Amino acid sequence: MSELAKTYEPASVEERWYSFWLEHECFAARPERVSEQRPAFSIVIPPPNVTGVLTLGHVLNNTIQDILARRARMLGKEVLWLPGTDHAGIATQTVVERTLKKQGVIRHRDDLGREKFLEKVWEWKDKHGGIIIQQLKKLGASCDWSRERFTMDAEYSRCVSRVFVELYKKGLIYRGKRMVNWCPVSLTALSDEEVTMKPQNGTMYHFRVEVAELPGTWLTIATTRPETIPGDTAVAVNPKDPRYAHLIGQHIVRPLPVNLTAAEKLIPIVGDDHVEFEFGTGVLKVTPAHDKADFEIGQRHGLPVVDIMNPDGTMNALAGESLVGLDRFEARNVAVDRLRELGVMGKEEPYQNNVGYSERADVPIEPRLSEQWFLKYPSVEQARACVAKGEMKFFPERWAKVYENWMENIQDWCISRQLWWGHRVPVWTKTITLTEQNWTDELLRWGWDSYLGGNWGDTCIRVTKVSDGRVIDTKADPLTPVTAEAEGEYQFAIATFDDSISRELEAAGFTQDTDVLDTWFSSWLWPFATMGWPEKTDTLAKFYPTTDLVTGPDIIFFWVARMIMAGYEFMGELPFRNVYFTGIIRDKQGRKMSKSLGNSPDPLDLIAQYGADALRFGVMRSAPLGADVSYDEKNVELGRNFCTKLWNAARFRQMHGGEHEAQIIPQLLSADDKWILLQLDRAVQEVTAALNEYRFSDATSTLYRFFWSEFCDWYLEASKASLFPSSPASPEDGGEAAEPDGEALARRATTLAVLDFVLANTLRLFHPFLPFITEELWHGLGYSEDMPADQGGRTIMNAPWPKPLTNDERHYMDIDPSHEEFARQRYDVVNAGRGLRRDFNIGSSKRVRFILRGYGGLAPHDHAVLQLLLAADPLELVEPEWVAPKGTPVALTPLGELLLPLEGLIDATAERDRLGKEIAKVEQELAKVRAKLADVNFTAKVPRQVLAEHQQREETWAQKLAQFQRMLETLG
RNA sequence: GCGCGCUUAGCUCAGCGGUAGAGCGCUUGCUUCACACGCAAGAAGUCACAGGUUCGAACCCUGUAGCGCGCACCA
């Protein structure tokens, strides 16, 4: 065993052990080892953006996963922690596009074209992708890196296409012209989940329109978006509204665009229940192309849809001469000017409303009518029920309600994106003219027969008549007879995940859909697509469903809910049993960490400065279950200090040498030994219970308390009494160290054995939290030496998780609560003595004489410990009758009165003051208890045990009071 | 608007029916032979507010306020 360095140097230790773990394949999951005795434990990582960098959120999230994985290994489980990354469609494409523009390579992505642009993205991915993986390694993450997956891997991509085709066959995926959330910056549709509502300070504009059939009759319309007036195709009123009902069927003159013929300006007044009497003026302008609700009104009344904007949010020609080319917000101002010029503008009042923002680009989204692919969610009922019934557990539980609420109001998912980076929609189309002559051949050629036979293979065909959009119904067998009127142009859409078929299709003139799929449409397959699905792999058989999922609540709908549905749909089973939702990391001001705010520290800097273990410990300590994490670097510093403390306690043990992990001989155990064994036992129980319930910060504080406040502060100090039996030399010994006798040597050996027992267990308890330093000390202190290779001999990772003491063990070591009590009483004596020092200005290390009056039965070793902890020289034991010189300070302890004789320094006044304060405190407590006991209501109704407690309390305080008063009297 | 959660020492949080707790920070004293990234001692709280239940409430119930989250949203 080499000597430990004076200070802990995380950098070299971390590097060394991480390489060791990798070299020995300590993180590898082997399905063949799974058995009843060795159950599987699995987690799939929430895949970070492949081109992203590590954030504190990742640190929190992955530390938790690592704690779970490492502890599971120590519990003897076969652990799979499956890592990987996500292609993050919009984010990655945006970054690459921006960079290429900045480099002057392109002005627009069209300059390169799809193929060339994608090459650039792959180049980018190869260069920057995987940085985050390296960063996770720095953190100590024990993932099985041999199984790393990427959502754009060929195999994974095939899973995505397969799933698309499966759902397409079931009719759950469809294409349709719908109102979607359009991001004018990213130039793509978004799902509802990617839109966040933000309050806006805008203006409510009131403008007048004239009823065409009744010149002189004007209606006032309130709107926040006057720039959309050119797209209005009606105004709507509530048919029950007496003010306007009679106008339904008439027309109004739409003021914009200005340069239209009178007839072109006319739009109808329609009656619709959607319009509220109270709101605004009760007259609603209807813009079907630019508002979801208006679109629905338009549908109900057969209104034309006039799209007046370009995809990028600028106005098109239909918006009229004055607006064309302007950005939508500039156009608003111009439209307002026009209305003023026309003299139809009424009041303009400040108005706050909520506007949907693109989460990614942080601009208002534009509702837009477009052709998109939608998914009607599968397996919704099972997915909902498994959480409701508790088959899948959420931690904290309250997220189950949020989930339930979303699942109940679930809307079809817009899965297509107008991007290039991602999985391209696996559908090929071609318009084919079908005639009586070629009808049968064409249909059969593209797989119609298997369609009819219900034997799909890897493809699915849909045929739509171009002229009326009618989908050919297979059930009605359209092959025969073929009528003349059935002839015409048909669109053939074939979905397939078979590369050879798609090549064939392309050769035959089919073209692939240009959209790609939402990134989440690939990541919702993560738990099984990473394990080899659709093959029935050993990995899937042994590790699916996974045990735990650890993620942020911000992606509960994006990812968690969808994975649950996909799990049931494609595996027939839930994907994970427990979901732990972390908090969101915030800065001291409570703001979310973000790049733009620049309030997010780089975890790698923190690791470099404090060490990975320190960062882990600090973050875990401040991350309570169910609450957000308020980040403060102080916590990381605290983690660092803690590691140093651990390191130095280990050094302390090491410098005393001797046999390591010697047998504990029960007969030789002192009260302190038994006390620390009991504290350790309690810590084991608490940490185990906390981890079982995902209370990580509780586990962390227990570890902290046990190790620092109990082991180091008390036990380690007390152990010095037997480790330094005769030194430092006291003046009375004449400065000579006495030869240790046999008993002292046995005592010393026992103390070392207890130190080893406690330290070895402590290291194991700490290992999931502090993997590096515990591994280093595990070997440094030689604890690995006696263990079988796979039980801690090679690495602490596989050492068994500490178990609480059994009754037999307690019996064997003769430990019971009375020993704990006795140890605690002695520590109370020490505290009392230190209090006296403080009150009389005696430095804590200055050796002084103490006298303990009234306690006889102190064993020599216990006496030695007391003397040491009190820094007493000597600690004299005297009879209760012993009379101290007047003015000698006294403190009450459970083991009698502790006196601090101060020859020549006695200050009766000071002592009188001190006692006066004590008495006041005791009197206050006594009064409180007595008031309660005097209340008949209390004594009559309270449970007997509580009554007894209070009576006991009264007695104790009364005794103390009497003692203090006697002390005061003897002071004179 | 609907739903959920939070409000305890300067800060971050435990406690969830019977004597208000921890860490950090602060104050004071210590170069005590593992550790100054340390040791010892100490000060510090009408437990958001108002009612109610109870012998007794930080804790249970009702309401109010503030903060946060989710959902919905009316032009």
Side-chain angles (χ1 to χ4, degrees), chain A residues 4 6-8 197 204 221-225 228 235-236 274-276 278-287 291 293-294 297 351 353-354 356 396 398-399 401-406 408-409 553-554 556-557 584 586 588 590 610 614 621-622 624 626-632 634-635 637-656 697-698 701 704-705 708-709 712-713 716-717 720 724 727-728 830-831 834-835 837-839 841-847 868 871 925 928-929 932 935-943 945-947 949-950 953 956-957:
Chain A
L4 295 174
K6 287 243 159 95
T7 53
Y8 175 55
M197 299 307 259
M204 180 71 89
I221 300 175
T223 182
T224 53
R225 301 199 64 188
T228 63
V235 297
H274 170 79
V275 182
E276 302 220 1
E278 308 294 328
F279 196 89
T281 59
V283 183
L284 170 67
K285 68 195 259 319
V286 182
T287 326
D291 184 283
D294 287 6
I297 296 174
Y351 183 72
N353 62 340
N354 287 321
R398 64 191 162 86
W399 290 109
K401 267 195 179 165
V402 174
Y403 173 78
E404 174 82 14
N405 183 266
W406 188 76
E408 272 174 3
N409 301 295
D554 46 338
I556 184 169
F557 311 134
I584 309 266
R586 298 175 183 280
K588 279 195 251 184
Y610 300 102
R621 204 181 134 77
S622 50
D628 282 356
V629 180
S630 144
Y631 174 77
D632 185 342
K634 281 273 174 209
N635 280 313
E637 202 181 312
L638 178 133
R640 191 259 328 252
N641 296 352
F642 189 77
C643 289
T644 305
K645 189 77 178 172
L646 183 59
W647 185 258
N648 278 295
R651 281 183 65 221
F652 173 80
R653 164 64 191 93
Q654 197 189 42
M655 64 180 266
H656 289 101
S697 65
D698 288 350
S701 29
Y704 190 93
R705 185 208 67 222
W708 202 307
S709 310
C712 289
D713 286 353
L716 221 113
E717 292 304 323
K720 290 175 180 173
F724 303 111
S727 71
V830 174
N831 277 328
R834 288 169 176 171
R837 277 176 187 276
R838 158 82 181 194
D839 289 337
N841 290 321
I842 296 168
S844 54
S845 57
K846 187 177 159 62
R847 298 182 174 278
L868 179 77
E925 292 300 332
K928 267 203 274 187
V929 190
K932 276 195 176 183
D935 187 348
V936 235
N937 253 331
F938 178 80
T939 50
K941 292 184 182 170
V942 92
Q945 203 189 329
V946 175
L947 184 62
E949 248 173 58
H950 280 76
R953 207 184 294 162
T956 312
W957 287 123

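In this text, all values refer to a predicted model and were calculated from it rather than measured experimentally. Only this structure's heavy atoms are used, side chains among them; waters, hydrogens and symmetry mates stay out. Per chain, numbering begins at 1; letters A, B, ... match sequence-line order.
Dashed line: the shortest gap from a side-chain N or O of A:Lys401 to OP1 or OP2 of B:rC2 is not under 4.0 Å. Remark: A:Arg640 is not in phosphate contact with B:rC37, judged by side-chain N or O atoms under 4.0 Å from OP1 or OP2. For A:Tyr351 and B:rA75, the shortest distance from a side-chain N or O to OP1 or OP2 is below 4.0 Å. Phosphate proximity of B:rC4 to A:Trp406: absent, as no side-chain N or O sits under 4.0 Å from OP1 or OP2. Residue A:Asn354 places no side-chain N or O under 4.0 Å from the OP1 or OP2 atom of B:rA72. When the side-chain nitrogen and oxygen atoms of A:Lys846 are compared with OP1 and OP2 of B:rA40, none of them lie within a distance under 4.0 Å.
Relative to the side chain of A:Arg586, the nucleotides B:rC35, B:rC24, B:rG68 differ in distance, and B:rG68 lies closest. In this structure, of B:rG18, B:rU19, B:rC73, it is B:rG18 that holds the atom nearest to the side chain of A:Val946. Relative to the side chain of A:Leu284, the nucleotides B:rG29, B:rA75, B:rC73 differ in distance, and B:rA75 lies closest.
With both ends at atom C1', the span from B:rA50 to B:rA14 equals 27 Å, rounded to whole Å. Rounded to the nearest Å, the gap between the C1' atom of B:rU8 and that of B:rA57 is 14 Å.
The side-chain heavy atoms of A:Lys285 and A:Thr228, taken from C-beta on, include a pair separated by under 4.5 Å. Here the side chains of A:Arg953 and A:Glu949 are in contact, with some heavy-atom distance below 4.5 Å.
As judged by a 4.0 angstrom heavy-atom cut-off over every strand, A:Pro943 is placed among the base-contacting residues.
A:Asn405 places no side-chain N or O within 3.5 Å of a backbone atom of A:Lys401 that could act as its donor or acceptor partner. A:Arg837 places a side-chain N or O within donor-acceptor distance of the main-chain N or O of A:Gly843, the cut-off being under 3.5 Å.
If you check distances only, the side chain of A:Arg621 never reaches the base of B:rU12 with a donor-acceptor pair under 3.5 Å.
Stems are defined here as 3 or more consecutive Watson-Crick or G-U wobble pairs with pairing distances under 3.5 Å; those involving RNA chain B are B:1-7 with B:65-71, B:10-13 with B:21-24, B:26-30 with B:38-42, B:48-52 with B:60-64.
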